[in-house]
Amino acid sequence: MAPWPLPWRDTMTHDGYVATVELDEDAGLFHGEVINTRDVLTFQGRTFDELQAAFADTNADYIEWCRERGKEPERPYSGNFTVRLPPDLHRRIATAAARAGKSVNGFVAETLEHVA
């Protein structure tokens, strides 16, 4: 048997959807679960190629399922998120952004880019 191309636990992406992948040694299967939707989307495969195909099929099935029900498929990450901060930290961030000549959003995005 050829070595598995993934570690015991990893992630993979397809069309912007991200899935965690785990190996079930006893069953000899990779199990995947999409993590960036509220809907539960899972897939599996015995080989990496099967796993990739199953992931793509799961995404296509999800989009079709939504279309049939008139539901908008949940798209991965809109680019908006709310963060609750202590007022003092909010003030310090706003001050640092102003000193840098940036909006708070631009300052935070640039700062997070350095650590993500």
Side-chain angles (χ1 to χ4, degrees):
M1 179 185 268
W4 296 108
L6 291 176
W8 295 84
R9 181 177 175 88
D10 206 341
T11 61
M12 59 191 306
T13 61
H14 179 78
D15 286 343
Y17 291 96
V18 179
T20 57
V21 177
E22 293 183 13
L23 174 62
D24 179 341
E25 284 187 275
D26 295 333
L29 287 172
F30 286 112
H31 294 280
E33 182 174 350
V34 177
I35 59 173
N36 57 342
T37 68
R38 284 185 294 271
D39 296 303
V40 178
L41 305 175
T42 62
F43 55 97
Q44 65 184 24
R46 292 197 179 279
T47 67
F48 184 70
D49 289 341
E50 281 183 16
L51 190 68
Q52 285 182 308
F55 189 12
D57 290 346
T58 294
N59 288 345
D61 290 347
Y62 170 65
I63 291 167
E64 177 63 21
W65 180 86
C66 289
R67 188 188 64 72
E68 289 172 356
R69 286 157 182 77
K71 176 184 172 184
E72 189 66 28
E74 191 173 341
R75 300 309 300 173
Y77 303 113
S78 67
N80 296 314
F81 70 99
T82 302
V83 177
R84 297 194 194 318
L85 303 170
D88 182 60
L89 178 57
H90 190 175
R91 178 188 53 76
R92 288 185 286 142
I93 291 169
T95 301
R99 284 186 180 138
K102 300 178 187 295
S103 68
V104 169
N105 282 342
F107 180 79
V108 169
E110 184 178 292
T111 302
L112 291 175
E113 192 66 40
H114 291 290
V115 297

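Numbering of residues begins at 1 and proceeds along the displayed sequence. Quantities reported herein were computed from a predicted structural model and do not represent experimental measurements.
By the criterion of side-chain heavy atoms lying less than 4.5 angstrom apart, applied directly or through intervening Ile, Leu, Val, Met, Phe, Trp or Tyr residues, Tyr17 is not grouped with Val40; the two fall into different hydrophobic clusters. Side-chain heavy atoms closer than 4.5 Å link hydrophobic residues (I, L, V, M, F, W, Y) into clusters, and following such links, possibly through other members, connects Leu89 to Phe81.
For Glu64, the salt bridge (charged side-chain N to carboxylate O under 4.0 Å, His left out) partners are Arg67, not counting sequence neighbours. For the salt bridge (charged side-chain N to carboxylate O under 4.0 Å, His left out) test, residues two or more places apart in sequence or in another chain that qualify with Glu74 are Arg38.
Separation of atoms CG (Asp24) and NE2 (His31) is listed at 4.5 Å; rounding is to 0.5 Å. With values rounded to the nearest 0.5 angstrom, Asp10 atom CG is found 8.5 Å from Phe48 atom CZ. One finds the CG atom of Leu85 at 12.5 Å from the CZ atom of Arg91 (value rounded to the nearest 0.5 Å). His14 NE2 to Asp57 CG: the interatomic distance, rounded to the nearest 0.5 Å, is 8.5 Å. Taking OG1 of Thr58 as the reference point, atom CD1 of Ile63 lies at 11.0 Å (rounded to 0.5 Å).
Heavy-atom neighbours of Arg99 CZ from other residues, nucleotides or ligands within 6.0 Å: at or below the threshold of 12. For CD of Glu113, the number of neighbouring non-hydrogen atoms (other residues, nucleotides, ligands) closer than 6.0 Å is 12 at most.
In terms of heavy atoms, Glu110 sits closest to His114 at O-CD2, 2.9 Å. Minimum heavy-atom separation, Pro73 to Cys66: CA-SG, 3.7 Å. The minimum heavy-atom distance between Ser103 and Ala97, with the atom names listed, is O-CB, 3.8 Å.
Side-chain contact check for Phe43 versus Leu41: every heavy-atom pair is 4.5 Å or farther apart. Counting heavy atoms from C-beta outward, Val34 and Asn59 have side chains that approach closer than 4.5 Å. When side chains are defined from C-beta on, Leu51 does not count as touching Phe55, because their heavy atoms never get closer than 4.5 Å. Put simply, the side chain of Ile93 reaches to within 4.5 Å of the side chain of Val104, judged on heavy atoms.
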| message | Using side-chain contact (heavy atoms from CB on, under 4.5 Å), reason through Asp39 and Lys71 one step at a time and then give a plain yes or no. | response | CA-CA 12 Å; Asp39 296 303; Lys71 176 184 172 184; 3.2 Å; yes
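Using modelled atom types, one side-chain atom of Arg46 and one backbone atom of Ala27 make a donor-acceptor pair closer than 3.5 Å.
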